[in-house]
Amino acid sequence: MSDTILETEDLTKHYGGVHALESADFVLRKGEHVAIMGDNGAGKSTFVRQITGVEQRTRGKITFMGSEVNFAGPLDAREAGIETVFQTLALADDLDVPDNLFLGREKILVNLGPFSILDYRGMRKATEEGLKKTAVKIPNINNAIRNMSGGQRQCVAIARTATFHSKLTIMDEPTAALGVQETEQVENIIRTLKDNGEPLILISHNMRQVFDLVDRIIVFRRGRMVANLMKEDTDGQDVVAYITGAKTGAEYVGAP
Amino acid sequence: MSEVSSATAEMEAIKKKRHWPPELNALIGLIGIAIIFEILGWAIRDQSFFGSLTRLKIMILQVSIIGIIAVGVTQVIITGGIDLSSGSIVGAAAMISMSFAQIGTYPKAVFIDLGWVDLPIIIPIAIGLGCGLLAGLINGILIAYTKIPPFIATLGMMVSARGVAKWWTKGKPVSFPTDEFAAIGQGMTPVIIFLCVAVLFYLILRYTVYGKHTYAIGSNQDAARMSGINVERHLVLVYTIAGTLAGLAAMVLAARGLTAQSGMGVMYELDAIAMTVIGGVSLAGGRGSVIGTAIGMLIFGVIISGFTFIRLDAFYQEMIKGGIIVAAVVADVYRQRRRAMES
Ligand SMILES: Nc1ncnc2c1ncn2[C@@H]1O[C@H](COP(=O)(O)OP(=O)(O)OP(=O)(O)O)[C@@H](O)[C@H]1O
Ligand SMILES: [Mg+2]
């Protein structure tokens, strides 16, 4: 079991009466790229929010890198090595690119507690390197994010995850707002992760993209995992059947 | 072809925006208003408005005490909040600290009577700052942890702190501070204190983690939280700083007048907010700076002393001041809407 990166058992989240996520058992192995698919409201983002500590789960167990984890907040998850591109991007519009990349984990020159002095130059340099590494082109990184196009903002959010060495990367619909070229850029970043053996959870509605990039596809439907398919054993039509509920995975048949 | 040209047009627009900070608008406004009063001065009174150094000194003195408050309010507004309690905090902190700064031989306004000794000046100062700090801390805790809107929390504090100011001496004024305490408000000391506060917080907002997180929270609170910023703790800190600065302003004001009254600081909160907004700090949060607020403060000062100079009745002054506040907010809303349309 030492090659397991992430494992969830009975992971569940209820928002009052809404059962957004119900008893998800999930395993991610070393170097593996897994896609999560499912209709709008199927519980994909909810699943991510439980893993990354953005919300506190109703019940269930999460094991990361061999030990059980209970992240109190997203920073904990990040410090443990999980980098996430959230669907909502989580960018501060009035700040520029380096500020956003390092938000919550600023490089500092002099440590004075909350009044610690920022290392602007260091952050700028690391940002430039990170952008180079991901081949993301941003005209002027000292520009407030507000002045950037949807695609550029998305690129910034993705560059943020790629700048920091992580043990696991999670992307929630990273190409939803992107044009053809930017989408390709993001897919290249993902391929680079694959080549480096860094594991990934990719949430996407784009069938072509999923079949191009990942090893395995998980389908969520109404808060439940309904299929766990190796890419070789399935095709687009098959996956759609699971998404729409026309079909249910063998191991899930009979589940309530 | 057209795609390329629209892309370059976009880049041009971006560049232009970068070079046009809201502080610059405020500065142009300041210069414009100054020129208007200079012209009016020659037209109405046949003399220069800016020619008189005394007038300029008085002008700066008038606004620098509220300016100290405005530096705190600036930070609150950058987080996307508001602080309506600063004026009342001034009243309460002035009354309480003054009663510890009274000359030993003078009959005390309150039950505190330590005999014939003057208390060392550090005590009233610590108490004055402490009052502001405590009030700000309560504001911050209410806003951050009970999630009630800042408007309501600080409105409550506005009423309560005014109550404290009246209760402290049952409405009697407190007078006769020691010379040392009085010195805080004499001459140009208030201006120097304002400058120190303004420079300090300009640097803090610009160069420290505290500043970065203040802007981040005002910009997108959820993003700040997801980035791991302890938003609640940070908000408590911001409101505490704002309260403490109001406490500081209270002592300067009381020392200047050599007396404290429970009605001191009424409406100061609105003046401070007005200075801030005139200076380009957006009520939507995330934007603005202490430099802008300082310019806003000067605009305020020029307008007030300009009206006095051209001998405009106080009634008209107030009416026009109200109009200016609304105009500044309208301009801010307009800016926000334009921004929203662009993005
Ligand atoms: N904070 C919340 N409070 C109440 N209900 C919520 C909350 N967040 C999500 N939900 C509900 O949980 C369900 C799952 O939402 P989730 O965001 O996980 O869907 P998703 O699979 O990511 O969909 P999409 O493809 O549209 O992003 C939905 O029914 C949603 O309305
Ligand atoms: Mg989602």
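Excluded from the calculations below are hydrogen atoms, water molecules and symmetry mates; all remaining heavy atoms, backbone and side chain alike, are included. Note that the structure is predicted; figures quoted are calculated from it, not measured.
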Just verifying a value: how many Å separate [X] [atom1] and [Y] [atom2], rounded to the nearest 0.5 Å?
X	Y	atom1	atom2	value
B:N220	A:R146	CG	CZ	9.5 Å
A:N100	B:S219	CG	OG	7.5 Å
B:S282	A:D94	OG	CG	8.0 Å

Open item on the list: Please evaluate residues B:S227 and A:R78 with respect to the criterion side chain to side chain contact (heavy atoms under 4.5 Å, CB included), reporting the C-alpha separation (whole Å), side-chain torsions for both, the decisive distance (0.1 Å), and the verdict.
Closed with: CA-CA 9 Å; B:S227 303; A:R78 236 191 214 177; 4.1 Å; yes

- [ ] Would you check if B:M226 and A:T88 make a side-chain contact, meaning some heavy-atom pair closer than 4.5 Å?
- [x]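 SC-SC contact between B:M226 and A:T88 confirmed.
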
Measure distances from [X] to the heavy atoms of chain B and classify the residue's part below 4.5 Å as side chain, backbone, both or neither.
X	result
A:L91	backbone
A:F102	neither
A:R49	neither

Determine the minimum heavy-atom distance between [X] and [Y], stating which atoms define it.
X	Y	result
A:A92	B:A223	N-CB, 4.2 Å
B:A224	A:L103	CA-CD2, 4.4 Å
A:P74	B:G228	CG-N, 4.4 Å

Open item on the list: Tell me whether A:R59 at atom CZ has more than 12 heavy atoms from other residues, nucleotides or ligands lying less than 6.0 Å away.
Closed with: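 Correct, the count exceeds 12.
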
TODO: Evaluate whether atom CD of A:E68 has more than 12 neighbouring non-hydrogen atoms of other residues, nucleotides or ligands under 6.0 angstrom away.
DONE: yes

TODO: Go through the atoms of B:I217 and report whether side chain, backbone, both or neither lie under 4.5 Å from a heavy atom of chain A.
DONE: neither

Task: Residues in residues 191-213 of chain B near chain A [non-hydrogen atoms, under 4.5 Å] - done: B:I204, B:R206, B:Y207, B:T208, B:V209, B:Y210, B:K212, B:H213

